[in-house]
Student: 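Starting off with a structure, shown below.
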Amino acid sequence: MSSTTLVFSPPPLTAVSAADPPPPTTRIQIQSQPVFDNPNSKSGSLKSCQNLQEIKQLHAQFTKQGLICNPSILTKLIVKYSQMGTSESLEYAEKGFKMFKKKTESGNSSSTIYLYNSLIRANSLSACFNESILLYIDMLIEGFKPDNYTFPFVLSACSKSLRLCEGAQLHCSAVKLGFHNDVFVLNSLVHHYGECGEIDKAKQVFDEMPERNVVSWTSLICGYARQDLHKEAVSLFFEMVEEGISPNEVTMVSVISACAKLGDVDLGDRVSIYVERSGLTINDVVVNALVDMYMNCGAVDKAKRLFDGSFARNLVLYNTLMSNYVKLGEAKKALDIFREMLNLGPKPDRVTMLSVITSSAELGDFCLGMQCHAYVLRNGLENWDNIGNSIIDMYAKSGKQDLACRVFDQMSNKTIVSWNSLLAGFARNGDVGSARELFDEMPERNLVSWNTMIAILVQWSFFSDAIELFHSMQNEGITADNVTMVSVASACGYLGALDLAKWTYNYVEKYGIECNMRLGTALLDMFGRCGDPKSAMKVFKTMKEKDVSAWTAAIGAMASVGNGKQALELFHEMVKQWVIPDEVVFSTVLTACSHAGLVKEGMHIFNSMKKQHKITPHIVHYGCIVDLLGRAGLLDEALDFIKNMPMEPNGAIWGAFLSACRIHKNEKLANLADEIISKSNNDKTGIQVLLSNIYASAGKWNDVAKVRIHMKEKGMKKIAGSSSIELNGVVHEFTSGNESQPGSDLTALMLHEINCRLSAEGYVPDLENVLLDVDEKEKEFLLSRHSEKLAIAFGLISSGRGMPVRVVKNLRMCSDCHSFAKMVSKVYNREIVIRDNNRFHFFQRGSCSCCDYW
DNA sequence: GTAGGGTTAG
């Protein structure tokens, strides 16, 4: 509404707005008519006006001829202006209305109410909700009584702007004014309460209605759908049909959308069959709803057939198909539709561009993304937040962080999605520092912001920081969802922090967080990595749906504790249940065989990959077999296997072989391997370290020195051993021989005590594990400071009596630490659990669960 | 007159 002037005259006819098309020739004829016969026939020509310019022309004509003072003509002109729905036309309508009120001060109240209603409706339809409600208030102040048309119009404005209280006040007023039985008013109230989330209130109004029509039912169905109560919405539809009320197109669209949200294609089909049989007109909107439903339910073929068979492929239908392809990760297909649209279809709008930009982002197609950006700018679509945000996302996903930042900086209306998109962009580019800075700088954060930042930290291995951030999130009163918990579970798993893992699991239960397949798999994997296969299997058994990833996590949980037989049983059960195995599950199950020494079974599975499951083994699977044979001491077989591989063996293959040579102290074969490796380009640090270790074990210090020099020349650095231990939710990390750790004096003292007690029990350090050319005393000292020993000592001091000491080691533990842990478990009567980079070792009463086979 | 379709970030 404008309150600038009361003058109600149109602009001179020459001042044609650039946005308006030139008046058609038929209008010129009207202009040239000299005199109208009577006011009514003159206003009749208003009906055929198609655009604002034509109305303005007639307005000018009426003014010139003095007809503007005629209340009937003025009323029709105001209504016509309001129906155009542009801000300019609404301004004219309002000015006209002011003039009307002035001229009919003592006059016709029914016409005034009629005009109030028209303007309230027009403003509501044009999303000028405040103006709409203010007009209603103005109407009351001016002493006009709202009628049964006023309430639906103003309630609609309240619903669309989610003004629950105002709507409830209108409810009272409507009852007071005697509209408690009016079906239009009551339908509007059902809709209003449903829109504002007060579904019980909507149901109450609905239940108390003396009579209900199809709109009443449809309004309630929509209310349920809005609250994501899609099942209830569909039930209500069938209830309606049983009551003998025939649905119309609007009802069908609402219920089909509910089926889409449920992803229930059978239900969608039932509704769709109902539409076909009931003889309803299947208009554009119904077709679109059906296409959307089938796409959402994964019945892409059905959707595509409907689309192909539709003669009226309007803009929304194209957009529906494209956005659904994008959601399904089929960016290329979305772009195919876009090409068809450019050739045959309507002009793309901003929603179309959103799908195209998202597609180019998914494909990392920077060129297409740039073209889209240019199109957006050429067509003035850049002011829509969603478009700006998707452009940021597109540049970020294409690795153009600077361009993403530039678009972000230039955005005048940054929303939380803009910040989150940029944040996710930093994550993808591995710029954790910038991401954290941006996160701390954000004016507001929502669940997605927290989830993004936590996921970034997990992705880049900052597990403790991720857990810390999760705690901050809770302190800010934000409730986590299943996306958060997937990251948290993953962090716990990598940290091997069992107490934290248990707490995480309880958190999911306590807060009723929906445990979908992804979260189920993450929790199962978490327990597996924390060495608690029982809890892992408990989660696995409660999972309703299990895909190959879930089965892999379960098999992995078994593999890491050396339970090869159960891992194999799970694998066979998976195949029995028609879950198609992939490459990952094969490497997991082969690893399980390797840790349990199941050579025959492992070879059988490896051979079945190609024959039975049509999967060509990857180099990783060959590595598993080398490991399987090597660990079992079948070194000659392992070397033959390597020689007969269809591809060039890589570092991992030689690593597995050399590792086996080291376990079985076979220096001869290691030498042979060394010769082959030196001829190839395999210079991986792991291999060189293993080689130097093998030579060192055999006391060949000259060879050790050669390898070390070679490593130095190549800039290779041995990864430092480190062990961590969780205590009261905090993860403490120890590195070999590091004096600067907190509580290190006490830990060193404890370690000394342990060594004395162990010596008394007959423990002799295995000096072969010290791979440096130093004297025996020094070797003994170095060996005593291995990180897992420090962690065990710290664990014994800090944790309660009888509690297991759980340590996570980043490398494979050495045989001396293994013997040490066995003795500690006996002498101190404590369970010691160590996860090294291979598997779990559970030490109890002097022996280990791996039976010294690892 | 009241009720309906496509919309970005984890």
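Values in this document were obtained by computation on a predicted structure and should not be read as measured data. Every chain is numbered from 1 and lettered A, B, ... according to where its sequence line falls, protein lines coming before strand lines.
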Student: Please state how far atom CD1 in A/Ile387 lies from atom P in B/dT8, giving the value in whole angstrom units.
Tutor: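 Between P of B/dT8 and CD1 of A/Ile387: 11 Å.
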Student: From B/dA9, B/dT2, B/dG4, pick the nucleotide closest to the side chain of A/Asn187?
Tutor: B/dT2
Student: For the side chain of A/Ser421, counting heavy atoms from C-beta on, which of B/dA9, B/dG5, B/dT8 is nearest?
Tutor: B/dA9
Student: Can you tell which of B/dT2, B/dG4, B/dA9 lies closest to the side chain of A/Val250?
Tutor: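 Per side-chain heavy atoms of A/Val250, the pick is B/dG4.
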Student: Think A/Lys400 forms a cation-pi with A/Tyr395, using NZ or CZ under 6.0 Å from the six-ring centre and within 45 degrees of its axis?
Tutor: no
Student: Looking across every strand, which nucleic acid part, if any, lies under 4.0 Å from A/Asn314 by heavy atom: base, sugar-phosphate, or nothing?
Tutor: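 Answer is base: heavy atoms of A/Asn314 come under 4.0 Å of a base.
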Student: Describe the nucleic acid contact of A/Tyr318 in one word from base, sugar-phosphate, nothing, applying a heavy-atom distance below 4.0 Å.
Tutor: nothing
Student: Across the strands shown, which category fits A/Arg212 at heavy-atom distances under 4.0 angstrom: base, sugar-phosphate, nothing?
Tutor: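 It contacts nothing in the nucleic acid.
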Student: Strictly below 4.0 Å, N to O, side chains only: are A/Asp336 and A/Lys332 in salt-bridge contact?
Tutor: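 Salt bridge flag = no for A/Lys332 with A/Asp336.
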Student: Which one, B/dA3, B/dA9, B/dG5, comes nearest to the side chain of A/Cys222?
Tutor: B/dA3
Student: Ignoring the backbone of A/Lys397, work out which of B/dT2, B/dG4, B/dA9 is nearest its side chain.
Tutor: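 Of B/dT2, B/dG4, B/dA9, B/dA9 is nearest to the side chain of A/Lys397.
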Student: Between atom CD1 of A/Ile221 and atom OG of A/Ser257, what is the distance when rounded to the nearest 0.5 Å?
Tutor: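 So the CD1 of A/Ile221 and the OG of A/Ser257 are separated by 11.0 Å.
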Student: What nucleotide, of B/dT2, B/dA9, B/dG4, holds the atom closest to the side chain of A/Asn446?
Tutor: B/dA9
Student: Over how many whole Å does the gap from A/Ile454 atom CD1 to B/dA9 atom P extend?
Tutor: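 Answer to the nearest Å: 19 Å.
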Student: How many Å lie between CG on A/Asn283 and P on B/dG4, as a whole number?
Tutor: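 Nearest whole value for this atom pair: 14 Å.
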Student: Flag this pair as yes if the NZ/CZ of A/Arg270 is under 6.0 angstrom from the six-membered ring centre of A/Phe238 and inside a 45 degree cone about the axis; otherwise no.
Tutor: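 The answer is yes, since A/Arg270 meets both limits relative to A/Phe238.
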Student: Heavy atoms only, 4.0 Å cut-off, all strands: where does A/Ala424 land among base, sugar-phosphate and nothing?
Tutor: sugar-phosphate
Student: I want to check a possible cation-pi pair here: A/Arg313 against A/Phe307, using under 6.0 Å from ring centre and within 45° of the ring axis as the test.
Tutor: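 Cation-pi check for A/Arg313 and A/Phe307: passes.
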Student: Counting only side-chain heavy atoms from C-beta out, which of B/dG5, B/dT2, B/dG4 sits nearest to A/Ser254?
Tutor: B/dG4
Student: With a non-hydrogen cut-off below 4.0 angstrom, is A/Asn248 in contact with a base, only sugar-phosphate, or nothing?
Tutor: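 Base, at least one base atom sits under 4.0 Å.
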Student: Out of B/dG4, B/dA9, B/dT2, which nucleotide sits closest to the side chain of A/Val285?
Tutor: B/dG4
Student: Any base atoms under 4.0 Å from A/Arg350, or only sugar-phosphate, or nothing? Heavy atoms, all strands.
Tutor: nothing
Student: Check every strand shown and say whether A/Leu447 touches a base, only sugar-phosphate, or nothing at a heavy-atom separation below 4.0 Å.
Tutor: base
Student: Starting at atom CG of A/Leu290, determine the distance to atom P of B/dG4, rounded to an integer number of angstrom.
Tutor: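 Roughly 18 Å, once rounded to whole Å.
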Student: For A/Asn117, answer base if it contacts any base atom (sugar-phosphate contacts may also be present), sugar-phosphate if it contacts only those atoms, and nothing otherwise; contact means non-hydrogen atoms under 4.0 Å.
Tutor: nothing
Student: Side-chain donor-acceptor pair under 3.5 Å between A/Ser449 and A/Asn420, yes or no?
Tutor: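 Side-chain D/A pair, A/Ser449 to A/Asn420: present.
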Student: Out of B/dG4, B/dA3, B/dG5, which has the shortest distance to the side chain of A/Ser219?
Tutor: B/dA3
Student: How long is the line joining CG of A/Asp349 and P of B/dT8, in whole Å?
Tutor: 13 Å
Student: In whole Å, what is the span from the CG atom of A/Asn420 to the P atom of B/dA9?
Tutor: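 Answer to the nearest Å: 11 Å.
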Student: Would you tell me if any nitrogen or oxygen in the side chain of A/His191 comes within less than 4.0 Å of OP1 or OP2 on B/dT2?
Tutor: no
Student: Could you check how far NZ of A/Lys327 sits from P of B/dA9, rounded to whole Å?
Tutor: 11 Å
Student: Starting at OH of A/Tyr395 and ending at P of B/dT8, how long is that distance when rounded to a whole Å?
Tutor: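 It is 19 Å, rounded to the nearest whole Å.
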